[in-house]
Structure formats: C-alpha cells, structure tokens
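Being a predicted model, the structure only gives us computed values, none of them experimental. Here is how names work: the chains are called A, B, and so on, in the same order as the sequence lines, proteins then strands, and each is numbered from 1.
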There are 2 protein chains.
Amino acid sequence: MEKFDYSTLSFKSLKTLKLIYEQGSLTAAAIELGQNQPTVSYTLEQMREALQDPLFVRSGRGVAPTSRCHQIMPEIEKLIRGMSELLQPENFEPVSARLDITLSCNQYELQVIVPNLVQRISRLAPHIRMTFIQSHVSGHQQLQRGQCDFLLSPVIHDYEALYQRALFQDRYVCLISTVHPLARQQIGRDDYIAAKHLEIHYEGGWKPFYLSAPELQGTNLNIALRLPSVSNFLSTIAGTELVITLPERLAHQIGGAMQIKEPPFSSRFELCLYWNKMTHHSKAHQWFREQIIEVCRELDSPEQGLRGK
Amino acid sequence: MEKFDYSTLSFKSLKTLKLIYEQGSLTAAAIELGQNQPTVSYTLEQMREALQDPLFVRSGRGVAPTSRCHQIMPEIEKLIRGMSELLQPENFEPVSARLDITLSCNQYELQVIVPNLVQRISRLAPHIRMTFIQSHVSGHQQLQRGQCDFLLSPVIHDYEALYQRALFQDRYVCLISTVHPLARQQIGRDDYIAAKHLEIHYEGGWKPFYLSAPELQGTNLNIALRLPSVSNFLSTIAGTELVITLPERLAHQIGGAMQIKEPPFSSRFELCLYWNKMTHHSKAHQWFREQIIEVCRELDSPEQGLRGK
DNA sequence: GTGCTGTAATCAAATTTTTCCATAATAGAT
DNA sequence: ATCTATTATGGAAAAATTTGATTACAGCAC
C-alpha cells in the first residue's frame, strides 16, 4: 500500500466533490461540469482512494455523503475559495497597501526628486514604507541583485535586463558669488579655465558629465577646493571667488543668493528611472513608477501639482 | 484570451512553486521533486499563464521571485498545508470531539440500554450530543434515509445495505402480583390462557414476539387492559390480578415488587445494533458503536463496569 | 571584449493520465 | 417481479505530462 501524496490531487477534484455534495448526484454534477458521468465517477474513485473513505454512498435516486464527507466539506470549500483568490488579479489600493519599497539614488536625486516624492507618497499611500540607499557607482548592480526596487540615475544603464523611463533633462550651469568678477559678464572658455573651481568628488571615483564636454578636453581646471558633497557648501564657500559647476536644478535648489551663469559649454543629460523584471508586473510597483513620473513632471510645471489637492 | 479557471491547477503545481521559491533554482527544485528540469519549467509556465506574472526571473545562477511571487507565497503555503491536513486520516478524540449522533429505538431500549449509554458517553465524550428518536415500525427506513445514525432494535432488518451487530439476548417472562393466585405455582399453558392480561399495544400495530410462540397459536388471550406503554404501569395495575408478559430485562427494571414467573412458552429474541454505509468508516461512529457494545456487555456482568471507574 | 560554465527555455517523442462511449450492475420505485 | 434512473466498469480515444536532447541565456573568469 503506497502512501498517498496530496500532489496528485487537483482543484478540479475538489470542485467535483463539492458539486456532487451539492447536487446529491454524480450525473447532475457531470452535467454541471460539462463532463460526462463516468468522468465524475473516476474522479470520485480517486478521492476515495486518497481519503480512504467512500465519501458518497448510493441512496435513493443518487448519492448521500458519508459522515467523513460532511466533516471535510467545509475544508474543501475553504481550499477552493483560497485557490480562486490566488487567481484574482493582484489588487492594489494605495490608501491601504502595506509594502516596502527601496530606491537607490545619489545626492542629486535626493535633493531634486525625493522631497516631493516622499510628500506625495505619504499623502496617497501612507502605509508604503520607503527606504533610500546610496547608489554610488553601482546602482545597476543593486538593481539586478534585488537590493533595491528602483534606481534613479542619470547614468545610462543599457542592460537589456533593465527597464527604464526618462524623467526629465538637466544641464550643468555655473554658480558664482554675486560679487565675483565674472558675475556681470558672460563666462567665456578662457575665463572658465582660468577661474578657481570647487569640485565635488563622489565616492567610487565618478566624474561629473560636464568634465567630458568637448570644450574642456585637454585642459586642466584649477581646482582650489574639493568637497565630498554639495550639502551645506554655501556657508563653506561664502565670499570666496570659487566657481561651482553643477546641474541647473540643483543650483536652483541650493544656490541661495549665488548667481547662476551660463557655462562655456553645453552638457545636457537625462535623468532616468530604472527598474527590473522582478517588479515589472507588480501593480503596486506600476503605481509607484507612475508617482515618480508624475512628481518629475510637476518639477517642470509646479502649479500643476497643487490642482490635485 | 480565455478566462482562467483554477480547476486546471493541481497541488503539485503549488508544491513545485514553493520548492523553486525555497531553492531559488528550477534545477534544484526538479531534483528535490524527483523530476527533471524541463518538467519544472513546464509547470512554472502553466502557473505564469494562470497568475499572469513571471513569478520568477533569471538572476545570477538561478531565479529570483518577483514581487507578486513574494506576495502570494504565504497563501500558497496555506493551501498546501490545508490539503495535507485534508489527507490526514480522520482523527477522533472522545474527550474533545464535538458531534451530533442520532439514535432510533423504542421503549424497551430506552429503558434497558439508554440510561447506561448516556452515562458512559457523557463521561467519556462530553461534547457528543445524542438525540434519541422513536423507531416505531420504521427504524430501517429512518436509517436508510439518514434520519438517524444508529438503530437499536430486536427486529431483524436483513437489508444488505445495513450493517448489524448482535448486542444481547432476552426472552419474555410473566410479571404478576405477589398476591396473585398463580404466584406460588408454575404457570401452565391453560393457566396462562385463562388469566386476564395486560397488553402493551405499540404504535404502528407492532405485535410483541411472544404472541407468535407456537404454544399460543390458535388461542385468544383474555385482554383485560391495554396500555400504550409500560411507563408507570405499576401504579396503574397495583393490586389487580393481571398478568403482564414482557421481556425479562424490562421486567427486572420496572417490575418493582411484582413477581417474575416463567411463561408457558419460550420466546427468545436478540437485540441488534444497526447502522449504515454513511457512518461505517467514520472513526467517531466506530468508537460510538464500541461504546454501545460495551454498555450492553456490562448489562450481563454489571460489576465489570465499575472497574473502569 | 571572448570564451566558459551553469542554468532556464524549447522541441519532438514517449508515457501517463484523463475523458469518452458503450454497457453492466445496482437500488429504488411502480 | 419488472421497470427506471443511477452509479460503476472496461476498452478506446484524446489530452496532458514527462522525458531526453538541444538551444538560448546570464554571469563569471580570463
């Protein structure tokens, strides 16, 4: 006598059993199922073997459930309901959804995108817990390893395993003190090269895009100061004659009273949202992606955001 | 795009999914299942179709679950557990079991068996609720229709659809007042026929067995009084000269001070327990049948019963 | 980059399971 | 006792699962 394994049983068997129970007849159950009677008989035979009980016995015109059958029928119905629910398309309600989402990005995105994003999410989906980690230079790795759900980055990650969506463009500008000699004139290439610069040097040795602008090739900038991040740099360099080259949106946010000037080169770049296969089909993540996109759209037309209030 | 029906899915699919999840690899899952890798791949493909999600994506050496997969895995585990429990052999613990059992019988059994049975069951299985109904003459019908779980009856029900078990034998005796003229002598056939009788007439026109004793054929008993039941008959007939013919065990129980005399015929009969296919395999009912048998055994040797206390 | 390695996906063939049709057995009902 | 409605059984047909061989793919080492 071989030991019975639940694996061989299917939900169809359970459904059949339930129908026999409800109809009190194999024939009726067969019609209901669109099968013919021997098929139902065969299925019942399997279940009898599995459960070691006749389950139904002939009685009048039809069959009557045994004591065991009565006993297990609630459990069977529970299993059937469970399976139907499993097949329900994932439903996601922002207001009630509880889940964790991890985003990887760097200083720029933390400064430019994240504040608005956090505002928006905690308003629309208060039970989503967000975690932000630093990308440094390995954002794509983090994403591929599942260490984060999303990556916000201007770097082009052209792995085909990754999905991406452009969010907005930005470009580098120069930020100088209003009392700087260059403050009243256009900055030419020679002015720029001659000036003293503040350079933000990132972990992992990443170099800002503007350094690869064709106009600057073959030159050596006069770096007077290096800082590891833009945070709090204003007070650090107040009154100095340093030139800081940084993305325009960042300049607007943290430039304070300093003057924004056109640099002697053009270096546009695009900020992208990246995600991977693991979250691609998830309704929750789909919604979250839309929120990021919407937040970025509002950056370009801020008044739009208030309408939704 | 056809709508998906849970019926096509089996528990094996769920088990496979769970194993892939645990192992992070189709190959490993296949080995665990004793199948080969394309089989697992095929099963996964089915589930992907059903759940409309990749469930697992290639990642490093193996696969990583998607967000949806993480989400549904607890539910899948619940379903697997539910199914395993369903296949567990029915377990029955008298002390904790809650169930209803209906027994059909008549006055005789209510008087002779039921008191001890109720005592025993409420001691061993306090949560079994017993219901007693009257058999009248249709006990076998009640049983076949599932109106009761057990029938206690001396009548031979030789339907092959019914199971039966002999419990004990009994025979008819005469009960007379101690001051009756016959009280000091053996009752002969002529004495019996000449005497005035109390007859219990049952519903449905059922006639007691002793009336079909060969010794009484062709005779007419002198019936002086008919009662519909033996209950309380003692006070009714106190001091009269009536002869009452009734089963010995009943006579002992309700005869009070009256005298038990050998009748001028022999009429043994057997009391049986009957049940049907519906309850035959049920552990609870099996146990209950044993209790009935035990109670009846103790009727013949009452001191045995006390030892168990 | 290029090849190497371990893994998942795909394909056609073999196998097993399920379904079907016809028919026998069975239990109530007339 | 016969009739009728129903379940069980047996063999053939259909469908599904499983297999082995192969291809495609992603990560890793060089």
Taking only residues two or more places apart in sequence, or in another chain, which ones meet A:Thr102 in a side chain to side chain contact (heavy atoms under 4.5 Å, CB included)?
->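 Residues passing side chain to side chain contact (heavy atoms under 4.5 Å, CB included) with A:Thr102: A:Thr131, A:Ile133, A:Cys148, A:Asp149.
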Is the distance between the ring centroids of A:Tyr172 and A:Phe269 under 6.0 Å?
->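 A:Tyr172 vs A:Phe269: aromatic centres under 6.0 Å.
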Are the ring centres of A:Trp287 and A:Phe92 closer than 6.0 Å?
->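 Yes, they do, as the ring centres are separated by less than 6.0 Å.
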May I ask you to verify if any side-chain N or O of [X] is less than 4.0 angstrom from the OP1 or OP2 atom of [N]?
X       : N      : value
B:Gln35 : D:dT18 : yes
B:Ser59 : D:dA26 : no
B:Lys12 : D:dA16 : no
B:Asn36 : D:dT18 : no
A:Thr39 : C:dC20 : yes
A:Ser41 : D:dT9  : no

Mind calculating the distance between [atom1] ([X]) and [atom2] ([N]) to the nearest angstrom?
X        : N      : atom1 : atom2 : result
A:Leu55  : D:dT7  : CG    : P     : 15 Å
A:Gln37  : D:dA5  : CD    : C1'   : 11 Å
B:Arg145 : C:dG28 : CZ    : C1'   : 11 Å
B:Leu33  : D:dT18 : CG    : P     : 10 Å
A:Leu143 : D:dG27 : CG    : C1'   : 16 Å
A:Leu26  : C:dT26 : CG    : P     : 16 Å
B:Gln23  : C:dA8  : CD    : P     : 11 Å
B:Lys277 : D:dT7  : NZ    : P     : 12 Å

NA contact type, [X], heavy-atom cut-off 4.0 Å: base, sugar-phosphate, or nothing?
X       : answer
B:Thr27 : sugar-phosphate
A:Val40 : nothing
A:Arg48 : sugar-phosphate

Can you identify which nucleotide, out of [options], has its nearest atom closest to the [X] side chain?
X        : options               : value
A:Pro38  : D:dT18, C:dA8, C:dC21 : C:dC21
B:Arg61  : C:dA9, C:dG6, D:dG27  : C:dG6
B:Arg58  : C:dT17, D:dC25, D:dA8 : D:dC25
A:Tyr42  : D:dA8, C:dT19, C:dA9  : C:dT19
A:Gln46  : C:dT19, C:dT18, C:dT7 : C:dT18
A:Gln144 : D:dA8, C:dA8, D:dG27  : D:dG27

Evaluate whether atom CG of A:Asp100 has more than 12 neighbouring non-hydrogen atoms of other residues, nucleotides or ligands under 6.0 angstrom away.
->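 Above 12, so yes.
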Does any non-hydrogen side-chain atom of A:Gln46 lie less than 4.5 Å from one of A:Ser13?
->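 SC-SC contact between A:Ser13 and A:Gln46 confirmed.
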Going by distance alone, is a donor N or O of one side chain under 3.5 Å from an acceptor N or O of the other, for A:Ser135 and A:Ser104?
->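 Their side chains do contain a donor-acceptor pair, which is all the 3.5 Å distance test asks for.
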Would you say the side chain of B:Glu45 and the base of C:dA9 hold a donor-acceptor pair, judged only by whether the two atoms sit under 3.5 Å apart?
->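 No, the side chain and the base share no sub-3.5 Å donor-acceptor pair.
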